[in-house]
Amino acid sequence: MPDSSLISFFPFAATTGSITVRVAVSYLPEQSHPALGRWFWAYHVRVENHGEEAVQLISRHWRISDGRGQISEVEGEGVVGEQPLITPGGAYDYVSGCPLPTPEGSMVGSYAMELGDGSQLLVAIPHFPLVAPATAS
């Protein structure tokens, strides 16, 4: 059972088998330009392996929705240029970013993980909102 500080830092979580994916998201006003139709968020992902064998994160798939209902699908190898091997009891953390043309949206996705026997497991990434704080005009 994770401690309460982990839960409060990572408010969004999904578990598939023995793998838990946690996400924290932050709006970045210094990288956003609302007058130009650009809002930017950073998201911190923590992938935890609670199983008894190592898993390797092979690829990712994201479904990104903006406030107008436009959906972008993003797929690729690994995350942030890596295909990390996560040992039993271990975790892998990374931070990435997402720009949107609206002040709100959301992200959800999955990781393909390879197990020691060469089989693959599709691991859920929890749905999380991207919401810019309201600003007075």
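Here, residue 1 is the first one in the sequence, and each next residue gets the next number.
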Check your understanding: Would you say Arg63 has more than 12 foreign heavy atoms packed within less than 6.0 Å of its CZ?
Key -> no

Check your understanding: Taking all atoms of both residues into account, what is the closest heavy-atom pair of Val80 and Ser96, and its distance?
Key -> CG1-CB, 4.4 Å

Point to revise | Over all atoms of both residues, closest heavy-atom pair of Leu100 and Gly105 | key: CD1-CA, 3.8 Å

Practice item. May I have the step-by-step check of side-chain contact (heavy atoms from CB on, under 4.5 Å) for Val79 and Leu57, ending in yes or no? Key: CA-CA 8 Å; Val79 289; Leu57 194 162; 4.1 Å; yes

Practice item. Quick one: list whatever passes ring pair (Phe, Tyr, Trp, His ring centres under 6.0 Å) with Phe9, sequence neighbours left out. Key: His44

Revision key, fill the gap. In this structure, CZ of Phe40 is separated from NE2 of His33 (nearest 0.5 Å) by 10.5 Å

**Study point:** side-chain contact (heavy atoms from CB on, under 4.5 Å) between Val21 and Val123, worked out
**Key:** CA-CA 8 Å; Val21 178; Val123 174; 3.7 Å; yes

Check your understanding: What do you reckon, is CD of Glu77 surrounded by more than 12 foreign heavy atoms closer than 6.0 Å?
Key -> no

Check your understanding: For Gln83, does its backbone N or O pair with a side-chain atom of Gln56 as donor and acceptor, under 3.5 Å?
Key -> yes

Practice item. Enter the distance from Ile58:CD1 to Leu115:CG here, rounded to the nearest 0.5 Å. Key: 10.0 Å

Check your understanding: Hey, quick one: are Met113 and Val108 part of the same hydrophobic cluster, counting side-chain heavy atoms closer than 4.5 Å, chains of contacts allowed?
Key -> no

Review point. Would a hydrophobic clustering, with Ile, Leu, Val, Met, Phe, Trp and Tyr connected at side-chain separations under 4.5 Å, put Ile125 with Tyr43?
Key: yes

Check your understanding: Rounded to the nearest 0.5 Å, what separation is found between the CG atom of Asp66 and the CE atom of Met107?
Key -> 12.5 Å

Exercise for review: Verify the distance criterion only: is there a donor paired with an acceptor across the side chains of Glu82 and Tyr94 at less than 3.5 Å?
Suggested key: no

Study note, to complete from the structure: Minimal heavy-atom distance between Ala124 and Ala14, with the atoms involved, is O-CB, 3.8 Å

Practice item. Taking atom CD of Glu52 as the centre, report whether more than 12 heavy atoms of other residues, nucleotides or ligands fall under 6.0 Å from it. Key: no

Exercise for review: Using the side-chain hydrogen bond (donor to acceptor under 3.5 Å, both in side chains) rule, collect all pairs that involve residues 118-130, keeping only residues at least two apart or in two chains.
Suggested key: Ser106-His127, Asp117-Ser119

**Study point:** Distance-minimising heavy-atom pair for Trp41 and Ala132
**Key:** CZ2-N, 3.5 Å

Check your understanding: Can Val47 and Ile19 be said to form a side-chain contact (heavy atoms from CB on, under 4.5 Å), step by step?
Key -> CA-CA 7 Å; Val47 182; Ile19 308 298; 3.8 Å; yes

Exercise for review: Would you sort out whether His50 and Thr15 count as a side-chain contact (heavy atoms from CB on, under 4.5 Å), showing the intermediate values?
Suggested key: CA-CA 10 Å; His50 299 285; Thr15 299; over 6 Å; no

Review point. Does Ser65 reach the main-chain N or O of Ile71 with its side chain, forming a donor-acceptor pair under 3.5 Å?
Key: no

Review point. Is Val95 reachable from Ile86 through a run of I, L, V, M, F, W or Y residues, each pair having side-chain heavy atoms under 4.5 Å apart?
Key: no

Review point. Do Ser18 and Glu53 have side chains that get closer than 4.5 Å, going by heavy atoms?
Key: no

Check your understanding: What orientation do Tyr111 and Trp62 show, parallel under 30°, tilted 30 to 60°, or perpendicular over 60°?
Key -> perpendicular

Check your understanding: What pair of heavy atoms forms the shortest contact from Phe10 to Asp93, and how long is it?
Key -> CZ-OD2, 4.0 Å

Review point. If you measure from OH on Tyr27 to OG on Ser32, what distance do you get to the nearest 0.5 Å?
Key: 3.5 Å

Point to revise | Closest non-hydrogen atom pair, Asn49 against Ala54 | key: ND2-CA, 3.9 Å

